[in-house]
Amino acid sequence: MAGTEDRLYPDAAERARTHDALTRTLIDSVARVEQGPVTPRRDVAEFGDVLAPFDFAAPRHLDEVITSTIGILERGLVHVTHPRYLGLFNPSPTFPSECADRIVSVFNPQLATASTSPAAIAIERHIIAAVARRAGFEAHSGGHFTSGGSEANATALLCALTRACPGFAQNGARGFAGAPVIYVSRESHLAWIKIAHMTGIGRKAVRLVATDGAGRMDIHALQAAIARDREEGREPVMIAATAGTTGGGMIDPLEDCASIARAEGLWFHIDAAWGGALIASDRLRRQVQGIERADSFTLDAHKWFAASMGCGMFVTAHPDLLPAVFGVANAFMPSGSGSVEDPYLTSIQWSRRFLGLRLFLSLACAGWGGYGELVERAVARADQLREILVTRGWRITNESPVAVLCAEPPSRSRRTPAEIVAQVRDSGLAWISTATFEGGAVVRACITNAETTEGDIIVVADALEEAL
């Protein structure tokens, strides 16, 4: 029987055999997932019984464990890789991104310091610079990869607070003469509430600005909120516009927000976690015109850029501010006293996985043109679904430039959006969601998979019709 060392660190021949077997097993699994239901067939409680035999009292062969685990995952996930998953913003990852995860797992670099991982850090900076240029930022821009949009947005707020009040780094919110406040639309991602809590300015610091009736931040309401806060002794710090709201896929008036931020002396951030991918399309990038005027923006590569989870990006026109936000003095890191080249001194995380290779391999293989086609194809599929639903009496409530569709059932339906969605999910044919858009309950569909076909859209439309 193999010893512990052989089980955990097998020789090259055994590793090659296992890698090859895993590849074949995963290919077969993907085929089963695509032909099967989108929704899980067991709940969390049931998996307690499935996992009970794994008591770790005696070792098992890796082949057996891998086969069991893949079977468990097939039966116990909403399959976001399925072509009829029209849910949130989780796409089927690109194959180059999957390859990147394998490569990174083997080398396992630690991206805290430039002295230990210079190649990995250089690759990530190269990608960040390319994304910044594509968005229209100047050459001196910078940033870094993050665990996701929440970390990137938190980074933006910390930068805004530090720039607005030099004493914030040492004294926190107490360094401000008045309570700091930030402005987001009421349709924004409510991670901002958690971020305000974590940064110490408190949840009440988040101003949820009214929308214009079409899911976008109302500029007049924004200006009034800023004026009111100043009059009452609070200190406005940041405007955070959204490019691709979670519920309706709407894009705030970026140019107007940028102009107000400049006039008021505020940090202007854009949460473009989803919609920021429009920069890849020469035809559609005008929809995010104004992103080049931001002080910073968030873009999640694990959303429309289809990298594997989780792979966010923070891009800023003021990278020189980052050491003032995140810098710490220590002598135990491999770089000695530290250097601004070290990511642990310019980002929230300390130890971190090499995330950027996922997007590096994908962009290198497809180019901006390939990614532009991916984005445009998703929008075309959303347009197809929109046309089918409208002909069947549904009312489309959002006018989104991205692949997000919000729809109210036809008047002949006696069921609520939640009931319709539940039946579609229970059928296993597709996964869609409910949402509230401008106060009304809607069925929400978002094209997340580049491999979703016209036929898949017809299946989804027919499933919705059956659920009425």
Side-chain angles (χ1 to χ4, degrees), residues 109-133 135 137-176 180 182 195-196 198-201 235 237-238 240 261 265-271 292-299 311-356:
Q110 159 62 279
L111 264 68
T113 64
S115 61
T116 57
S117 303
I121 289 172
I123 288 171
E124 287 202 344
R125 288 184 177 172
H126 183 74
I127 286 291
I128 291 292
V131 171
R133 286 195 304 272
F137 272 38
E138 300 292 338
H140 66 271
S141 304
H144 52 265
F145 280 82
T146 68
S147 59
S150 291
E151 181 190 334
N153 287 340
T155 299
L157 179 52
L158 288 169
C159 287
L161 291 165
T162 302
R163 189 181 72 169
C165 175
F168 174 78
Q170 296 298 326
N171 302 314
R174 296 186 300 275
F176 284 87
I182 66 173
I195 291 167
M198 290 187 296
T199 55
I201 62 175
E235 294 197 37
V237 170
M238 180 176 77
L266 310 182
W267 187 279
F268 178 43
H269 177 71
I270 300 176
D271 180 359
E292 73 284 352
R293 298 179 62 188
D295 292 297
S296 59
F297 68 87
T298 289
L299 202 163
C311 192
M313 286 179 279
F314 171 76
V315 181
T316 180
H318 313 287
D320 292 344
L321 180 62
L322 293 173
V325 179
F326 299 108
V328 291
N330 75 87
F332 64 82
M333 294 298 289
S335 57
S337 61
S339 163
V340 292
E341 297 294 311
D342 292 338
Y344 84 94
L345 294 173
T346 57
S347 62
I348 289 177
Q349 296 186 62
W350 201 294
S351 300
R352 179 168 70 75
R353 184 176 176 84
F354 179 19
L355 304 174

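A salt bridge does not link Glu151 to Arg352: none of the charged side-chain nitrogens sits closer than 4.0 Å to a carboxylate oxygen.
Between the side chains of Gln110 and Ser117, no donor N or O sits under 3.5 Å from an acceptor N or O.
Only one option out of Asp295, Thr298, Thr155 pairs with His269 in a side-chain contact (heavy atoms from CB on, under 4.5 Å); it is Thr298.
Distance OG/Ser147 to CG/Leu355: 8.0 Å, rounded to 0.5 Å. Atom CD1 in Ile182 sits 8.0 Å away from atom CG in Leu161 (nearest 0.5 Å). Here the CD1-CZ distance, from Ile127 to Phe145, works out to 6.0 Å after rounding to the nearest 0.5 Å. With rounding to the nearest 0.5 angstrom, the OG1 atom of Thr162 is 6.0 Å from the CG atom of Leu321. Ile201 contributes atom CD1, which lies 9.0 Å from atom CG of Leu158 (distance to the nearest 0.5 angstrom). For the atom pair CZ of Phe168 and SG of Cys159, the computed distance is 10.5 Å after rounding to the nearest 0.5 Å.
In plain terms, the two heavy atoms of Ala114 and Ile121 that are nearest each other are CA-CD1, 3.4 Å. Residue Ala156 comes nearest to Ser296 through the heavy atom pair CB-OG, 3.7 Å, listed as atom of the first residue, atom of the second, then distance. Residues Ala324 and Ala169 come closest through the heavy atom pair O-CB, 4.2 Å. Here the closest heavy-atom approach between residue Ala173 and residue Gly200 is recorded as CB-O, 3.7 Å. Closest of all the heavy-atom pairs between Phe176 and Ala164 is CE2-CB, 4.0 Å.
Counting heavy atoms from C-beta on, the side chains of Phe137 and Ile128 never come closer than 4.5 Å. At least one side-chain heavy atom of Trp267 sits under 4.5 Å from a side-chain heavy atom of Thr316.
Between His144 and Phe314, the angle of the ring planes lies from 30° to 60°, which puts this pair in the tilted group.
Remark: His126 NE2 is loosely packed, at most 12 non-hydrogen atoms of other residues, nucleotides or ligands lying under 6.0 Å away.
A distance-only check finds a donor-acceptor pair linking the side chain of Thr199 to the backbone of Ala196 [under 3.5 Å].
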Before giving the answer on side-chain contact (heavy atoms from CB on, under 4.5 Å), spell out for Leu266 and Val237 the whole-Å C-alpha distance, their side-chain angles and the decisive distance to 0.1 Å.
CA-CA 5 Å; Leu266 310 182; Val237 170; 5.7 Å; no
